[in-house]
Protein chains: 2
Amino acid sequence: MAGRKTSILEAAARVIARRGVRGLRVEELAAEAGVSTALIYYHFKDRTGILRQTMEFISDRAERYTTERTDGAEQLSPREELERTLLLELQDSAEVRENSTAWGELRASAVFEPELREDLARATLIWVQEMADLLGRVVPLASATALASAAERLTALLEGLSMRWLSGGLPLDHARALLLEAIDAELRRLQR
Amino acid sequence: MAGRKTSILEAAARVIARRGVRGLRVEELAAEAGVSTALIYYHFKDRTGILRQTMEFISDRAERYTTERTDGAEQLSPREELERTLLLELQDSAEVRENSTAWGELRASAVFEPELREDLARATLIWVQEMADLLGRVVPLASATALASAAERLTALLEGLSMRWLSGGLPLDHARALLLEAIDAELRRLQR
DNA sequence: GTCTATAGGACGATAGAC
DNA sequence: GTCTATCGTCCTATAGAC
């Protein structure tokens with residue numbers, strides 16, 4: 001079930017996290033996945049095909065661990081759940097770092113590769129909507145528009161903080177503290 | 001005074017905005033600047049040298065137009081000045097788009113090129129401090145720490161929104177509206 | 001589906017003249 | 001400081017066998 005193609009995608013996420021989209025060499029990807037370069041072109045057509053499908057793979061995987069996270073026994077308040085979900089992306093675990101790095105890279109690449117934009121927009125939308133739902137559970141009386149805006153801001157801020165963290169200018173602790181305060185500011189604004 | 005080297009840096013900013021850091025070819029840069037590739041290596045040593053100095057150039061230039069902006073006759077309230085300064089980076093003019101694109105690219109590149117990090121950190125610090133000053137003029141009673149945090153959040157959010165705008169997923173109007181609301185939320189928080 | 005082998009081009013960098 | 005010319009490498013992509 002986790003076929004060759006899937007294991008190539010897993011390898012692609014690792015390589016992108018290690019070298020960036022800019023540093024992704026098909027040959028290195030092949031070595032990482034333990035296959036030949038020809039097989040990669042067979043499955044993905046060209047370099048852009050690799051990037052597109054890797055982006056989809058990464059966003060699916062992120063959605064999955066974001067969802068599963070709550071399956072732990074504990075009962076969390078809506079606000080705790082909101083905070084936990086956002087902070088999940090600012091953690092120094094291999095998996096999160098890999099996902100964040102690859103995600104940042106793919107978004108940055110989309111500025112110059114229009115082929116990536118459609119998938120990027122879809123993944124972003126799903127992520128924003130999930131966040132708007134969580135916010136709505138904390139502030140049930142807020143309007144859908146206000147919730148959507150807050151969700152867009154928090155996710156965009158998270159991406160900005162994540163990038164600073166990954167590029168070495170912002171310690172993780174500090175990034176997390178900043179994000180928590182932003183959640184507080186947004187909730188205050190919604191509760192007016 | 002605007003010597004060859006400067007005009008190469010201007011050309012580099014244009015090429016990076018057009019093709020990205022990964023898409024920057026020394027040959028294309030040479031053509032854009034109207035010089036030979038050899039001259040570029042003479043002035044910048046290697047590709048990384050080009051990137052480093054271009055980053056410095058861009059951050060200086062951004063600082064300059066950020067400062068000059070207030071020299072227009074009108075007297076603005078501190079809050080108007082704050083809003084104007086931040087919104088300045090979300091405009092569809094050639095110069096701003098070029099600066100934002102190149103800035104985003106260089107930050108993303110720094111994740112994988114440690115040589116860029118020092119310059120990046122310095123430029124970010126200057127930008128954050130300027131923003132903290134502006135916030136301090138709006139809310140004089142706020143603590144320095146609170147101002148610094150708000151400034152870090154607003155600039156990180158701006159980078160996140162900017163990236164979404166440039167990667168095609170967020171219309172400029174919407175990005176501007178989101179940023180204005182974030183300023184509002186941060187000021188509310190500071191004024192408590 | 002998967003491999004080996006390689007074509008073919010692009011690109012960074014330098015040598016050497018002026 | 002600036003150019004012309006070029007070397008050598010790296011990298012995407014495909015041809016063709018199994």
Side-chain angles (χ1 to χ4, degrees), chain A residues 1-57 102 105-106 108-116 119, chain B residues 1-57 102 105-106 108-116 119:
Chain A
M1 193 187 273
R4 277 270 134 70
K5 195 168 168 183
T6 303
S7 74
I8 295 174
L9 287 170
E10 286 165 354
R14 287 196 298 277
V15 175
I16 290 176
R18 192 163 63 228
R19 305 263 186 245
V21 165
R22 301 165 177 73
L24 173 73
R25 303 292 164 233
V26 180
E27 205 168 344
E28 184 179 358
L29 171 54
E32 176 83 23
V35 300
S36 67
T37 64
L39 185 61
I40 290 176
Y41 285 99
Y42 172 80
H43 280 304
F44 300 96
K45 179 170 157 55
D46 59 15
R47 204 175 174 281
T48 302
I50 301 170
L51 297 182
R52 260 230 296 267
Q53 298 200 39
T54 304
M55 182 156 63
E56 204 172 339
F57 173 78
E105 274 292 290
L106 288 164
S109 302
V111 176
F112 306 98
E113 305 200 38
E115 309 93 308
L116 295 177
D119 291 297
Chain B
M1 195 190 266
R4 277 269 135 68
K5 195 168 168 183
T6 303
S7 76
I8 295 173
L9 287 170
E10 286 164 354
R14 287 195 298 277
V15 175
I16 289 176
R18 192 163 62 228
R19 305 264 185 245
V21 166
R22 180 173 196 270
L24 173 73
R25 303 296 165 227
V26 180
E27 206 169 344
E28 183 179 0
L29 171 54
E32 177 82 24
V35 300
S36 68
T37 65
L39 185 61
I40 290 176
Y41 285 100
Y42 171 79
H43 280 303
F44 300 97
K45 179 171 158 54
D46 59 16
R47 202 175 173 280
T48 302
I50 301 170
L51 297 181
R52 260 231 294 269
Q53 299 200 38
T54 303
M55 182 156 64
E56 205 172 338
F57 173 78
E105 273 294 287
L106 289 165
S109 303
V111 176
F112 305 98
E113 305 199 38
E115 309 94 310
L116 296 178
D119 292 296

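So that the names make sense, note that chain A is the first sequence line, chain B the second, and so on, each numbered from 1. Side chains are part of it too, since the values below use all heavy atoms of this structure and drop only hydrogens, waters and symmetry mates.
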Looking at [atom1] of [X] and [atom2] of [Y], how far apart are the two atoms once the value is rounded to the nearest 0.5 Å?
X     : Y      : atom1 : atom2 : value
A:T54 : A:I16  : OG1   : CD1   : 5.0 Å
B:R47 : B:E113 : CZ    : CD    : 7.0 Å
B:R22 : A:F112 : CZ    : CZ    : 12.0 Å
A:I50 : A:L29  : CD1   : CG    : 5.5 Å

Whole Å only: how far is the [atom1] atom of [X] from the [atom2] atom of [N]?
X     : N      : atom1 : atom2 : result
B:K45 : C:dA13 : NZ    : C1'   : 11 Å
A:Y41 : C:dT6  : OH    : C1'   : 14 Å
B:L29 : C:dC11 : CG    : P     : 13 Å
B:I40 : C:dC11 : CD1   : P     : 14 Å

**Q.** Terminal contacting nucleotides, 5' and 3', DNA chain D versus chain A (heavy atom, 4.0 Å)
**A.**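 Nucleotide range with atoms under 4.0 Å of chain A: D:dC11 to D:dA15.
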Q.
Any heavy-atom pair between the side chains of A:H43 and A:Q53 that's under 4.5 Å?
A.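 No, every pair of side-chain atoms sits at 4.5 Å or beyond.
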**Q.** Passing candidate, salt bridge (Lys or Arg N to Asp or Glu O under 4.0 Å) with A:E32, options A:R25, A:R14, A:R19
**A.**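 The single option meeting the salt bridge (Lys or Arg N to Asp or Glu O under 4.0 Å) with A:E32 is A:R14.
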Q: Strictly below 4.0 Å, heavy-atom distances to any atom of DNA chain D: list the hits from residues 21-28 of chain B, or just say none.
A: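 Under 4.0 Å from DNA chain D: no residue of residues 21-28 of chain B.
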(Q) Are more than 12 heavy atoms, taken from residues, nucleotides or ligands other than A:R4, located less than 6.0 Å from that residue's CZ atom? (A)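 No, the 6.0 Å shell around CZ holds no more than 12 heavy atoms from other groups.
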Q: Could you tell me whether B:K5 sits above the aromatic face of B:Y42, with NZ or CZ closer than 6.0 angstrom to the six-membered ring centre and within 45 degrees of the axis?
A: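 So B:K5 doesn't make the cation-pi contact.
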